[in-house]
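Written below as structure tokens is the structure these notes are about.
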Protein chains: 2
Amino acid sequence: MTDPGPRTRRQDPERRERIIAACLDVIAESGVAGTSHRRVAAAADVPLGSMTYHFSGMDELLREAFGRFSAAMAGYFEQRMAEVRDRDQAKLELVSLIAAGDSYSRRDLVITHELYTLAAREPAFRELTNAWMARSRTALERHFDPATARMLDALIEGLTIHRALDTEPQDRTIVTAAIDRITQGPTG
Amino acid sequence: MTDPGPRTRRQDPERRERIIAACLDVIAESGVAGTSHRRVAAAADVPLGSMTYHFSGMDELLREAFGRFSAAMAGYFEQRMAEVRDRDQAKLELVSLIAAGDSYSRRDLVITHELYTLAAREPAFRELTNAWMARSRTALERHFDPATARMLDALIEGLTIHRALDTEPQDRTIVTAAIDRITQGPTG
DNA sequence: ATTATCCGTGTACGATCGTACGCATGACTG
DNA sequence: CAGTCATGCGTACGATCGTACACGGATAAT
């Protein structure tokens, strides 16, 4: 306790991160229903004992994993919104984000729904979704008034769901038109 | 095989229905992740053996339960939409449906999300959500043009999610304004 | 070099899971 | 009324689950 401070003593400081990442992989593939310590441990290539060592239990693991995920998603959205200059560009960016083929992968969609489902039932997870939504809304408010931002947020959510559930590819025209109508408000 | 035809021989013809209803209760309370034969059997007050007797396995039980649920939800929505006469009334009805305090209970929200989550990952369940969405869209098309119906459908979905996740009660004004903007299209 | 420390892991335990299957039992046939 | 049969249930089994916990071995201290 004299020199390097409270640094971790042993190797592998990123073990915890690998477990979290693997947990998200397992969630994406098998759902929260099919996520177990053993499966995550296998996916992360760590021994089973590491699970209880790094996380107090399943709840903490899930909360940590979904926390990481929602923060990453919010950060990505913020960045995309920060890189545009005016409303028209923002609208185009939104269309790109929602429409198929862009960065939003099915994996992300699945994880997002898993989180929403958890949040719908357990208030503890609602903190995560609320924080995520708040950041998205703030990002939107760089270019739209608060009321419009709220509406856009809801619309994006709904269109994203449809993209996740529709077997046919999303119709870019509809997305564009819907965003146009929403942003046609008084100060949108 | 002479008289009443292939009627069930023993008592309790509605046992299957009770199991399905109980299954939805369990899903609402513990999620698909926490749904097991034993729990459903206990909730339906039937012996464990009835599970494998009436359903080939967990998959069939879930598919049956979610099928019942989505059909009921679609039917309810259709009815509400069929009872209105013009577009303005339809818009008011949509606001009532989305905004808090109306018939959409948290239970229904939770089950809906569980279904969406399953559908996002497994295409087999997407048939259910697709059928549901198709019926909703058709119901909306009684009063709105197809493109607007699609947009409204997405918007409703998104607003419903926000209602499920927001801790604060839904703002009726925003809902009304959003629907107004969407329906301000050329033939909306 | 020796000792003390504690990180990280292997393993084991009790609970719960889905599912199969033999059998009691009530319903039809004659 | 007796015989036949399928329905519906009790029970048991193997797998898998979350979690606890004792211990080996690397590291820091002297």
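All chains are named by letter (A, B, ...) in the order of the sequence lines, taking the proteins before the strands, and each is independently numbered beginning at 1.
Between the NE2 atom of A/H54 and the P atom of C/dC7 there is a distance of 11 Å, given to the nearest Å. Atom P of nucleotide D/dG18 and atom CZ of A/R38 are separated by 7 Å, given to the nearest angstrom. In this entry the distance linking CD1 of B/I19 with P of D/dG8 reads 11 Å, nearest Å. Computed from coordinates, the B/Y53 OH to C/dC23 C1' distance equals 15 Å when rounded to whole Å. Here the P atom of nucleotide D/dT19 and the CG atom of A/L61 are 10 Å apart, to the nearest Å. Rounded to an integer number of Å, the gap from CZ of B/F55 to P of D/dG8 is 13 Å. In this entry the distance linking CD of A/E60 with C1' of D/dT19 reads 14 Å, nearest Å. Distance B/R18 CZ to D/dG8 C1': 13 Å, rounded to the nearest Å.
Of the listed nucleotides (C/dG18, D/dG18, D/dC17), C/dG18 has the atom at the smallest distance from the side chain of B/H37. Comparing D/dT19, C/dG18, C/dA20 by their closest approach to the side chain of B/S36 singles out C/dG18. Distance from the side chain of B/P47 is smallest for D/dG10 among the nucleotides D/dG10, D/dA20, C/dG18. Closest to the A/L48 side chain, of the nucleotides C/dC7, C/dT19, C/dA12, is C/dA12.
Between D/dA20 and A/T52, no contact under 4.0 Å exists linking OP1 or OP2 to a side-chain N or O.
A/S56 comes within 4.0 angstrom of no nucleic acid atom, judged by non-hydrogen atoms across all strands.
In this structure, B/H113 and A/Y116 have perpendicular ring planes: the angle between them is above 60°, well past the 30° mark.
Residues A/G49 and A/R39 each lie close to DNA chain D; by heavy-atom proximity, the contact nearer the 5' end of the strand is made by A/R39.
At least one side-chain heavy atom of B/L24 sits under 4.5 Å from a side-chain heavy atom of B/R107.
Here the closest heavy-atom approach between residue A/I182 and residue B/A178 is recorded as CD1-O, 4.0 Å.
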### Task
Go through the steps to decide whether A/F69 and A/I27 satisfy the test side chain to side chain contact (heavy atoms under 4.5 Å, CB included), and finish with yes or no.
CA-CA 11 Å; A/F69 175 78; A/I27 289 171; over 6 Å; no
### Query
Would B/T148 and A/R181 count as a side-chain hydrogen bond (donor to acceptor under 3.5 Å, both in side chains) if you check the C-alpha gap in whole Å, the side-chain angles of each, and the deciding distance to 0.1 Å?
CA-CA 10 Å; B/T148 301; A/R181 289 192 192 174; 2.9 Å; yes
